[in-house]
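Here the structure is laid out as structure tokens; the discussion comes afterwards.
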Amino acid sequence: MWFERNRDLVGLAVSFLGGVLVSAFWINRSTGELWTVVSAIGTVAAALAAVWIAIDQRLKDRRAREKRAVLLGAGLYGRIADLVHVSAKVNTFGTQLELNRKYEGWVSDLNDLAQEIDASSNISHEDVASLVDLPDNGAFRLAEALGAIHRLKVVLERAKWQIDIAGEDAPNDQMLAAILEPFAQRAWVGLTRVQQIIDSARPPDEPMPLL
């Protein structure tokens, strides 16, 4: 953008014009001596320039932090994609369980999902904290989605434990499905939104890795 390339020039122009306008207003109420006018213009322009520089520096710092968060997010993109995939599978599993009750092979599917979600849950609290400057509350959305993933892990592990202790009839399939589906959907929605945030913030000529 033109403004981005000429920000400093615009700041100086605004500062100078501001000094002129304020001084012109003051001249109408004073003797109008030349040196007084020049001094007033310089003082006001310097003050406005200082304010502009401070604001501009804050904007630059914020953009730098956001770029760093996007870069770190790109490094987590593959792991986020894995969690998107497994949360979708858990949701499908819950739907099948709800519609078909305890269908043939459901225990094997449950065990596979428990192992897959455990293997994919490798995003740490430090990873989430490093993304705090992502736009649109990206880090918060990721933290919330990871909380849902953790809940899925707990539910699946508990179901496995019930099966190991009391057999396949132990878990209540309807209750299990009712717990799995909303948490899987919440995780999928949150993780997908984080992917979109990273995609929208990255440079357009740099494709995001899928693996």
Fill in: Stepwise side chain to side chain contact (heavy atoms under 4.5 Å, CB included) check, His150 with Ser121
CA-CA 8 Å; His150 177 73; Ser121 301; over 6 Å; no

Fill in: Leu134 vs Glu66, side chain to side chain contact (heavy atoms under 4.5 Å, CB included): CA-CA, chis, key distance, verdict
CA-CA 6 Å; Leu134 273 181; Glu66 184 176 302; 5.9 Å; no

Worksheet item: What are the two closest heavy atoms between Val128 and Ala143, and how far apart are they?
Response: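 Closest heavy-atom pair between Val128 and Ala143: CG1-CB, 3.9 Å.
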
Worksheet item: So which heavy atom on Gly94 is nearest to which on Ala177, and how close?
Response: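 Gly94 and Ala177 have their closest heavy atoms at O-CB, 3.3 Å.
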
[Y] side chain reached by [X] side chain, heavy atoms, under 4.5 Å:
X	Y	value
Glu116	Asp112	no
Asn91	Leu180	no
Trp106	Leu176	yes

Rounded at 0.5 Å granularity, tell me how far [atom1] in [X] sits from [atom2] in [Y].
X	Y	atom1	atom2	result
Leu113	Asn111	CG	CG	9.0 Å
Ile149	Arg186	CD1	CZ	11.5 Å
Ile80	Arg193	CD1	CZ	12.5 Å
Leu156	Gln115	CG	CD	11.0 Å
Ile179	Leu152	CD1	CG	10.0 Å
Glu98	Phe93	CD	CZ	12.0 Å

Worksheet item: Under 4.0 Å between a Lys/Arg side-chain N and an Asp/Glu carboxylate O for Asp133 and Arg68?
Response: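 No, this pair does not count.
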
Discussion item. Do the side chains of Asp127 and Arg79 get close enough for a salt bridge, i.e. N-O under 4.0 angstrom?
Written reply: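 A salt bridge links Asp127 with Arg79.
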
Discussion item. For the backbone of Ile117 and the side chain of Ser120, can you confirm whether one donor and one acceptor N or O come within less than 3.5 Å of each other?
Written reply: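 No; zero donor-acceptor contacts below 3.5 Å.
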
Discussion item. With a 3.5 Å distance limit and no angle check, can you tell me whether Ser87 reaches the backbone of Val84 through a side-chain donor-acceptor pair?
Written reply: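 Yes.
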
Practice prompt. May I have the step-by-step check of side chain to side chain contact (heavy atoms under 4.5 Å, CB included) for Leu83 and Val86, ending in yes or no?
Written response: CA-CA 5 Å; Leu83 288 174; Val86 72; 4.2 Å; yes

Practice prompt. Please say which of Ile197, Leu191, Ile198 ends up in a side-chain contact (heavy atoms from CB on, under 4.5 Å) with Leu142.
Written response: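 Among Ile197, Leu191, Ile198, the one that satisfies the side-chain contact (heavy atoms from CB on, under 4.5 Å) with Leu142 is Leu191.
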
Discussion item. Please evaluate residues Val90 and Phe183 with respect to the criterion side chain to side chain contact (heavy atoms under 4.5 Å, CB included), reporting the C-alpha separation (whole Å), side-chain torsions for both, the decisive distance (0.1 Å), and the verdict.
Written reply: CA-CA 9 Å; Val90 172; Phe183 281 102; over 6 Å; no

Item to complete: Treat each ILVMFWY residue as a node, draw an edge where side-chain heavy atoms are under 4.5 Å apart, and state whether Ile163 and Val154 are in one component.
Response: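 No; Val154 is not reachable from Ile163 via cluster members.
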
Worksheet entry | ILVMFWY cluster, Ile123 and Phe140 together (side-chain gap under 4.5 Å) |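 No, it is not one cluster - the side chains of Ile123 and Phe140 are not joined through contacts under 4.5 Å.
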
Worksheet item: After noting the C-alpha distance and the side-chain angles of Arg141 and Asp136, does the key distance pass the salt bridge (charged side-chain N to carboxylate O under 4.0 Å, His left out) rule?
Response: CA-CA 9 Å; Arg141 294 175 187 274; Asp136 197 17; 3.3 Å; yes

